[in-house]
Amino acid sequence: QVQLVESGGGLVQAGGSLRLSCAASRSLFSINVLGWYRQAPGNQREMVATMSRGGSSNYAGSVRGRFTISRDNAKNTVYLQMNSLIPEDTAVYYCNALERSSSGYVQNYWGQGIQVTVSS
């Protein structure tokens with residue numbers, strides 16, 4: 001089991017930057033994929049960025065070039081650096097960890113969500 005707790009959200013002006021942190025309750029060693037998702041009112045929850053155990057990352061087209069996902073295994077923490085923020089980035093952001101066992105069983109863990117609001 002993994003508990004995920006996000007922090008670092010808040011209100012920022014367009015063009016500004018914000019860094020979200022997601023602290024895990026245990027080592028990320030067994031986690032296959034770490035990710036950030038977001039959901040704005042009236043929208044589906046969408047993938048923002050993911051990172052595999054090997055370090056490969058993927059980004060939604062809307063954030064590519066502006067957002068960066070990273071991790072610090074020593075601190076059991078994953079980050080989302082958000083630059084050049086625009087009002088369309090306003091959403092609740094969720095940290096996600098996907099754990100896959102050798103038998104193929106998949107477990108998803110989610111943080112509680114944290115609000116990011118970008119003003120124009």
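Just so you know, residue 1 is the first one in the sequence shown, and it goes up from there.
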Say whether [X] and [Y], considering side chains only, have a donor N or O and an acceptor N or O under 3.5 Å apart.
{"X": "Y109", "Y": "E99", "value": "yes"}
{"X": "N83", "Y": "S17", "value": "yes"}
{"X": "Q115", "Y": "T117", "value": "yes"}
{"X": "R19", "Y": "Y79", "value": "no"}
{"X": "S30", "Y": "R26", "value": "yes"}

State plainly whether one hydrophobic cluster holds both [X] and [Y], where clusters connect Ile, Leu, Val, Met, Phe, Trp and Tyr through side-chain heavy atoms under 4.5 angstrom apart.
{"X": "V33", "Y": "V78", "answer": "no"}
{"X": "Y94", "Y": "V63", "answer": "no"}
{"X": "V92", "Y": "M82", "answer": "no"}

How long is the span from the [atom1] atom in [X] to the [atom2] atom in [Y], to the nearest 0.5 Å?
{"X": "Q1", "Y": "Q107", "atom1": "CD", "atom2": "CD", "answer": "6.0 Å"}
{"X": "S70", "Y": "M51", "atom1": "OG", "atom2": "CE", "answer": "6.5 Å"}
{"X": "N32", "Y": "S52", "atom1": "CG", "atom2": "OG", "answer": "9.0 Å"}

Which other residues belong to the hydrophobic cluster containing Y105, where Ile, Leu, Val, Met, Phe, Trp and Tyr are joined when side-chain heavy atoms lie under 4.5 Å apart, directly or via other members?
none

Side-chain contact test, heavy atoms from C-beta onward, threshold under 4.5 Å: evaluate it for V48 versus L80 and give yes or no.
yes

Less than 4.5 Å apart, side chain to side chain, heavy atoms only: is that true for E46 and N43?
no

Check: Y37 ring centroid to W110 ring centroid under 6.0 Å:
yes

D89 (side chain) donor-acceptor with I86 (main chain) under 3.5 angstrom
yes

Aromatic Y59 / basic R66 pairing, under 6.0 angstrom, 45° off normal:
no

Tell me whether the count of non-hydrogen atoms from other residues, nucleotides or ligands lying under 6.0 Å of CD in Q3 goes above 12.
no

